**Student:** 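Got a structure for you, written out below as structure tokens; questions coming shortly.
Treat the numbers as computed from the prediction; the structure is a model and nothing was measured. Counting from 1, the numbers follow the sequence of the chain as shown.
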Amino acid sequence: MFEITDTQKIGVGLAGFGISFLFLGVLLFFDKGLLAIGNLLFISGLACVIGPRRTLSFFFQRHKAKASAAFLGGVIVVLMGWPLVGMIIETYGFVLLFSGFLPVAINFLRRVPILGTFLNMPGISRILDMLADTSSEVHK
């Protein structure tokens, strides 16, 4: 296996808290404070997990310019105080940026003991298969 450093462990925690704050911000009718904190925690957690240099190279690749501009622009719009508009822009950028990882993430989650049983149910499995196929077609 591979060793996980303390910085990566902290990054996973930061990203997890970021996702939690984003979820709560959406649940509480797009609370701009929670969404702003969630965005900052998620991005800083991502930087801790994969490293600052790799994070910058991930966001600033030429073929991902549109997706990165939408995602980071959405974060800026949320920080400026327009949470609904910012989250729509940010979600569009997030889907474009991370859709290449979706099939890998789905296959990983299907192997998790309790969650895998739920995700392999007939209706849910069909939906996940369609999502994995459409996300792989985006990058062709």
**Student:** Pairs in or reaching into residues 52-88: which pass ring-ring contact (aromatic ring centres under 6.0 Å, His included), with residues at least two apart or in two chains?
**Tutor:** F58-F98, F59-F71

**Student:** Tell me every residue that passes ring pair (Phe, Tyr, Trp, His ring centres under 6.0 Å) with Y92, counting only those two or more places apart in sequence or in another chain.
**Tutor:**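 Residues passing ring pair (Phe, Tyr, Trp, His ring centres under 6.0 Å) with Y92: none at all.
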
**Student:** Show every salt bridge (charged side-chain N to carboxylate O under 4.0 Å, His left out) that has at least one partner inside residues 114-126, sequence neighbours left out.
**Tutor:** none

**Student:** Considering residues at least two apart in sequence or located in another chain, which fulfil the salt bridge (charged side-chain N to carboxylate O under 4.0 Å, His left out) criterion with R110?
**Tutor:** D129

**Student:** Which pair of non-hydrogen atoms, one from A67 and one from L96, has the smallest distance, and what is that distance?
**Tutor:** CB-CB, 3.4 Å

**Student:** Should side-chain heavy atoms under 4.5 Å link Ile, Leu, Val, Met, Phe, Trp and Tyr, which residues sit in the same cluster as I76?
**Tutor:** M80

**Student:** When you compare the side chain of V26 with that of L22, does any pair of heavy atoms fall below 4.5 Å?
**Tutor:** no

**Student:** Taking only residues at least two apart or on different chains, which pairs with a member in residues 11-48 satisfy ring-ring contact (aromatic ring centres under 6.0 Å, His included)?
**Tutor:** none

**Student:** Rounded to the nearest 0.5 Å, what separation is found between the SG atom of C48 and the CG atom of L41?
**Tutor:** 10.5 Å

**Student:** For residues 47-56, which residue pairs pass the salt bridge (charged side-chain N to carboxylate O under 4.0 Å, His left out) check, not counting sequence neighbours?
**Tutor:**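 Not a single pair qualifies under salt bridge (charged side-chain N to carboxylate O under 4.0 Å, His left out).
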
**Student:** Taking only residues at least two apart or on different chains, which pairs with a member in residues 30-39 satisfy side-chain hydrogen bond (donor to acceptor under 3.5 Å, both in side chains)?
**Tutor:**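 Passing the test, one end in residues 30-39: N39-E90.
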
**Student:** How long is the gap from CG on L34 to OG on S20, to the nearest 0.5 Å?
**Tutor:** 11.0 Å

